[in-house]
Amino acid sequence: MALMTPLHAYRGILLDYTGDPAVHDAAVRLEEDGLLLVSDGKIHARGGYRELSASYPDVPVVDYRGKLIVPGFVDGHVHYPQARMIAAYGEQLLEWLERYTFPTERRFRDPAYAAEVAESFVAELLRHGTTTAVALCTVHPESVDALAEAALARNLRLLLGKVWMDRNAPADLCDTAERAYTDSKQLIARWHERGRLHYAITPRFAPTSTPAQLEAAATLWREHPTTYLHTHLSENQAEIDWVLSLFPGRKSYTDVYDHYGLVTSRSIFAHGVHLTEAELARLGEQGSTLAFCPTANLFLGSGLFPFRQVREAKVRVVLGTDVGAGTTFSLLGTLSEAYKVLQLQGQSLSPHQGLYLATLGGAAALDLDPVVGNFDSGKDADFVVLDFHATPALQLRLTDCEDINERLFALIMLGDDRAVHATYVAGSAAYLAAPPAGQ
Ligand code: GUN
Ligand code: ZN
């Protein structure tokens, strides 16, 4: 059958996953000399260069030989308003929010400021190889408009939402249960499923919402069940103690959200560092997702994410950079810290498990695996070209290193934005470190 749209081809080391490599070795798809064919923004085919190129003799090939081509990275939890306050010194969660975060977020009532930060935030995601992200905005509806417009302009796949806070925050950053509900309903109508945008109803965390507001968030989600719920959970011990004092009678932090109908299969909870077995079991039973944010958990001194226990409870996991408590936009850098967080608990994360989490695993935890996450035909052609030799330290480490697993591990441990050679979104180059070579 004649194709309506032209094909584009990319040659390099192709790596993607058809499932969780921790469960099936066969889930790893690796072509040392591979070809990725793209048509109309979608994956057309993937395979070995020799086999595939013979069937497509006239298609021009972009030559990325020696470089690694993987699906675009998924960042499951990030705050765009905090892009300019990464690395704020000296506090743990609750003091950090008061001292740095709320004053920063106040500035987003100005749409021009919001637009400026949104633009640079989207550019940073793409420069780091991230093509799908779950982002919090601020309490101001205009902050959502700014990010939605910036993401649409660059065709980023983004879950985004206005933050809800009606207590325990500065008065000028508070809404009410009714206002948050009405504003969010309007934002859903404006942005949900427009282009590659999805809406996430986003109560900040239990301490900054009254019971009435948590109830209103659940009501809104039930009225729009294809949207997401996105919040924070069990990050820091002082936070947990505060939640239990604010909601007397509730068994646990998770039980607070559960009581108001917020523990669902569309719920994304950032952190989950200190969850009990019973809480994990409940999240697993409901099919909820936890965002593992290692750099933020280390930076704020919050604790170590219990990865093995979370997996055993069948809770879905996505990685999150959690900028600005997180200290990097890089999913490679985030994986490197995730590995160390697991090491401190006598656990491990192989390079394939890590890259799976950063791609298909993250997509699946967000119910987005039908459209992104690997190179199956028909999915969005979102991919990143990574350079094994991006830095002198990588070059030193990779001299005489032929084994692909060792090379991948070195790239994860030593790589960051400097290793991102190109980022493609829906088949178009969204970031190029250098012009691509033709063949
Ligand atoms: N808990 C509530 N708000 C925040 C936030 O902005 N960052 C982090 N890391 N945790 C939170
Ligand atoms: Zn966060």
Side-chain angles (χ1 to χ4, degrees), residues 75-108 117 121 125 133-140 143 147 159-170 173-175 180 200-209 213-214 217 228-243 246 253-254 256-257 262 267-275 289-305 317-329 334 337 341:
D75 184 345
H77 180 77
V78 59
H79 297 249
Y80 102 83
Q82 297 174 14
R84 292 193 184 176
M85 59 159 280
I86 306 178
Y89 174 74
E91 306 289 3
Q92 296 216 346
L93 175 64
L94 300 177
E95 297 74 23
W96 174 85
L97 285 171
E98 290 283 341
R99 179 166 170 199
Y100 297 113
T101 312
F102 293 149
T104 300
E105 295 194 5
R106 190 172 277 131
R107 301 187 67 179
F108 286 74
V117 178
F121 171 80
L125 292 187
V134 185
L136 292 94
C137 302
T138 64
V139 77
H140 316 94
S143 73
L147 183 60
L159 282 66
L160 79 174
K162 174 201 128 60
V163 160
W164 299 34
M165 292 199 280
D166 67 346
R167 64 166 165 175
N168 293 323
L173 280 178
C174 280
D175 51 18
I201 298 161
T202 311
R204 178 174 217 116
F205 67 157
T208 47
S209 286
Q213 189 170 63
L214 293 178
Y228 294 81
L229 285 161
H230 182 200
T231 188
H232 297 88
L233 167 66
S234 198
E235 177 176 6
N236 161 294
Q237 197 54 56
E239 171 209 17
I240 297 166
D241 296 343
W242 193 24
V243 169
L246 287 168
Y253 197 160
T254 302
V256 170
Y257 289 138
L262 295 169
S267 303
I268 304 156
F269 295 105
H271 306 301
V273 169
H274 304 285
L275 295 169
T289 287
L290 282 176
F292 173 17
C293 307
T295 74
N297 296 158
L298 295 172
F299 180 74
L300 291 179
S302 301
L304 305 176
F305 182 81
V317 179
V318 64
L319 287 164
T321 63
D322 196 20
V323 161
T327 49
T328 179
F329 280 100
T334 301
E337 298 308 294
V341 163

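Start at 1 and go down the list; that is how both ligands and their atoms are numbered.
Counted by atom type alone, E337 and N297 present zero donor-acceptor pairs between their side chains at under 3.5 Å. Using modelled atom types and a 3.5 Å distance limit, the side chains of N236 and H271 yield no donor-acceptor pair. Side-chain contact, Q82 with Y100: no donor N or O sits under 3.5 Å from an acceptor N or O.
Listed by number with element, the atoms of ligand 1 under 4.0 Å from a non-hydrogen atom of D322 are 8 (C), 9 (N). Listed by number with element, the atoms of ligand 1 under 4.0 Å from a non-hydrogen atom of A325 are 9 (N).
Side-chain atoms of D175 come within 3.5 Å of backbone atoms of M165 as a donor-acceptor pair (strictly under, hydrogens ignored).
Between T254 and F269, the closest side-chain pair of non-hydrogen atoms is not below 4.5 Å.
At a heavy-atom cutoff of 4.0 Å, ligand 1 is contacted by the side chain of L93 but not by its backbone. Neither the backbone nor the side chain of L136 has a heavy atom within less than 4.0 Å of ligand 1. Counting heavy atoms closer than 4.0 Å to ligand 1, residue F299 contributes nothing at all.
Within D322, OD1 is the N, O or S atom that lies nearest to the Zn ion (ligand 2).
Ligand 1 has no nitrogen or oxygen under 3.5 angstrom from a nitrogen or oxygen of E239. Taking any N or O of E105, backbone or side chain, none lies under 3.5 Å from an N or O belonging to ligand 1.
Environment of CZ in R106: crowded, with over 12 heavy atoms of neighbouring residues, nucleotides or ligands closer than 6.0 Å.
Distance check for H271 against the Zn ion (ligand 2): none of its N/O/S atoms falls below 2.8 Å.
Taking the Zn ion (ligand 2) as the corner point, the angle from H79 atom NE2 to H232 atom NE2 is about 100° (rounded to 10 degrees).
By heavy-atom distance, the residue among H271, E235, Q82 lying nearest atom 10 (N) of ligand 1 is E235. Nearest residue to atom 6 (O) of ligand 1 from M85, R204, H77 is R204 (criterion: closest heavy atom).
Ranking protein heavy atoms by distance to atom 5 (C) of ligand 1, first place goes to H79 CE1, 3.4 Å.
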